[in-house]
Amino acid sequence: MGRFAFSHRIAWVGSFVLALSTATAPAAAANGETTAPRTTLLLHADRPGPRIAPEIYGQFVEHLGRGVYEGIWVGEGSPIPNTRGIRNDVTQALRQAKVPVIRWPGGCFADGYHWRDGIGPRDKRTRSINAAWGNAPDSNAFGTHEFMDFLDQIGARPFVSVNVGSGSVREADEWLRYMTAPVESSAGAERAANGRAAPWAVPYVGVGNESWGCGGKMTAETYVAQYRQYAANLRTFGGGPTKLIAVGADTDDYEWTEKVMAGTMKSRPNPTPLAYINPRPLLWGLSLHFYTFTGNDWYAKGRNVGFTRDDWAKALGRAQLTDEMVRRHSAIMDRYDPEKKVALVVDEWGAWFNSEKDAPSALYLESTLRDAVIAGLSLNIFNNHADRVRMANIAQMVNVIQSLILTRGKEMVVTPTWHVFDLYKVHQGATQIPVDVDTPNYVQGATRLPTISASASRDAAGKLHLSIVNLDPDKPAPVDMVASALSGRRAQASAITADRIDRPVQFGQPDPFVPQPVKAVAIRGDRLTLTVPARSVTLVTVE
Ligand code: AHR
């Protein structure tokens, strides 16, 4: 079995570290199950990396299918327990997973959204048509005030996408004023008349969505010209600086990244010496959209239930490409921004397979163990690139694509993806610890992938957290974690797995994805050993 080349190990560590001892032949576990060859993880706790932005664990919600209506908003008169129309079971689960930020209202929906439709008395709001998603009727019952209330109930912060495709600078500016201006202004007074006197803080503002596609079919040059106009005019009042996020590339459209960086990194110096003298970047972040299908074909996304071992491997291979996408887009950004001031914001990512014919709503997917593995793998990649990736928003939070939550009327289940976010929340705001991964290949047909993916961090209390994903659907993997100052410390681990790769979560059934303790986690000297289950996501904590 071939070892993974260094370039495929976690090369972001930056310096070469000698590979540690690794067994080459599969070993037999105590229960007789064949295990993968040993993996070694070398943690550089003495060379701490950047802070892992909590926003990497962000969410995306769009007016699409039952993402908002039923998924979040049920209305005050609903028999489903709710607080001011927002369902309690959903907010409780999102609070527990410590969701830091939510992107809204789209997606493709954002470039057709007119914020005035969603304010004022609900019974008087515009009844609009969601032209982005199947011409579904939208009562606009969930608008700005409801979104902000939802965030308050969870403890998350807003990331609003303003309408560039069919809106204007003026419309976007008025929305930001409505949300953030003091009550003494007309915009603030209107907000107060609608029930909210205090301004909201709106830290993140996305300028359009997929402007190369559903958001306007623009060339990069056209978008840059539009973006500069929005950037020059948009501001929020109070609550810290506005962090503007420009529309970035789809997948591997490196030319788009190049052109947007070239066109936004500098504004002309102001000739008045009393005003701003230094040219500065016009953007806080640049987005990237990258979805995981079964393989690399947008038009053949593959099944999300009843899939084969080949499908499993192809999907994980696609998810693993996230690393290449982040690396290559970042390398372009580095040329314009070597100090990495501009964030790469992966504001749409996740597993997107074909919905079943009888799916209850648009882009609704069953959620299986494979999603947990894709989430663990992707989040490890974002953690490992925390120097550049400072926000990511999984698509989409409830009932749409790779959800954390599924609802069916009054029922709700958390998905395997939710469990990964809940397990990984310890990384939020912690200091990244670089890891060298020396692992065998997992081979299925033409797909060869590193068996183990990992990322690590140290939190404010000094605890070390290591997340490990085992891509092998059959073999448990013995892992050695090597780090200094381990002796005398205690370790524990828990893992998300299931009896089969396509095990789904089901309404009314026990949750098969609740993390289970991993036995026999041992520390000897500078080495921690454990065996992670096949097809699993594991979190190890050393305190
Ligand atoms: O997440 C679903 C859709 O995917 C979004 O609306 C769009 O931005 C992307 O193409």
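Atoms within each ligand, like the ligands themselves, are counted from 1 in listed order. Please read these numbers as outputs of a predicted model, since none were measured by experiment.
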Taking distance alone, with N or O pairs closer than 3.5 Å, would you say [X] contacts ligand 1?
{"X": "His289", "answer": "no"}
{"X": "Phe109", "answer": "no"}
{"X": "Asn209", "answer": "yes"}

Note to self: I'd like the name of whichever of Glu62, Gln402, His63 reaches closest to atom 6 (O) of ligand 1 through any heavy atom.
What the structure shows: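 Looking at heavy atoms only, Glu62 sits closest to atom 6 (O) of ligand 1.
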Nearest to [atom], what protein heavy atom do you find, and at what distance?
{"atom": "atom 9 (C) of ligand 1", "answer": "Glu348 OE1, 3.0 Å"}
{"atom": "atom 1 (O) of ligand 1", "answer": "Tyr291 OH, 2.8 Å"}
{"atom": "atom 2 (C) of ligand 1", "answer": "Gln396 NE2, 3.5 Å"}
{"atom": "atom 10 (O) of ligand 1", "answer": "Glu210 OE1, 2.8 Å"}

Notebook entry, point to check: How are the rings of Phe142 and Phe147 set relative to one another: parallel (under 30°), tilted (30 to 60°) or perpendicular (over 60°)?
Noted result: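 Correct class here is perpendicular.
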Next item on the list: Give me the ring orientation class for Tyr57 and Phe421: parallel if the planes are under 30° apart, tilted from 30 to 60°, perpendicular past 60°.
Entry: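 The rings of Tyr57 and Phe421 stand perpendicular, inter-plane angle above 60°.
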Next item on the list: Report the part of Trp349 (side chain from C-beta onward, or backbone N, CA, C, O) that has a heavy atom under 4.0 Å from ligand 1; answer both or neither where that applies.
Entry: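 Neither part.
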Checklist line | Charged N-O contact under 4.0 Å between Asp117 and Arg125 | finding: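 Salt bridge between Asp117 and Arg125, a charged N being under 4.0 Å from a carboxylate O: no.
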Could you check whether [Y] and [X] have their ring centres less than 6.0 Å apart?
{"X": "His419", "Y": "Phe513", "answer": "no"}
{"X": "Phe382", "Y": "Trp349", "answer": "yes"}
{"X": "Trp200", "Y": "His145", "answer": "yes"}

Sub-4.0 Å atoms of ligand 1 with respect to non-hydrogen atoms of [X]:
{"X": "Ile401", "result": "1 (O), 2 (C)"}
{"X": "Phe60", "result": "1 (O)"}
{"X": "Trp352", "result": "2 (C), 4 (O)"}

Note to self: Restricting to non-hydrogen atoms, name the atom on Gly409 and the atom on Ile80 that form the minimum distance, rounded to 0.1 Å.
What the structure shows: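 Minimum heavy-atom contact is O-CD1, 3.5 Å.
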Check: Within 45° of the six-membered ring axis of Trp298 and under 6.0 Å from that ring's centre, is NZ or CZ of Lys301 located there?
Finding: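 Relative to the ring axis of Trp298, which defines the angle, Lys301 lies inside both limits.
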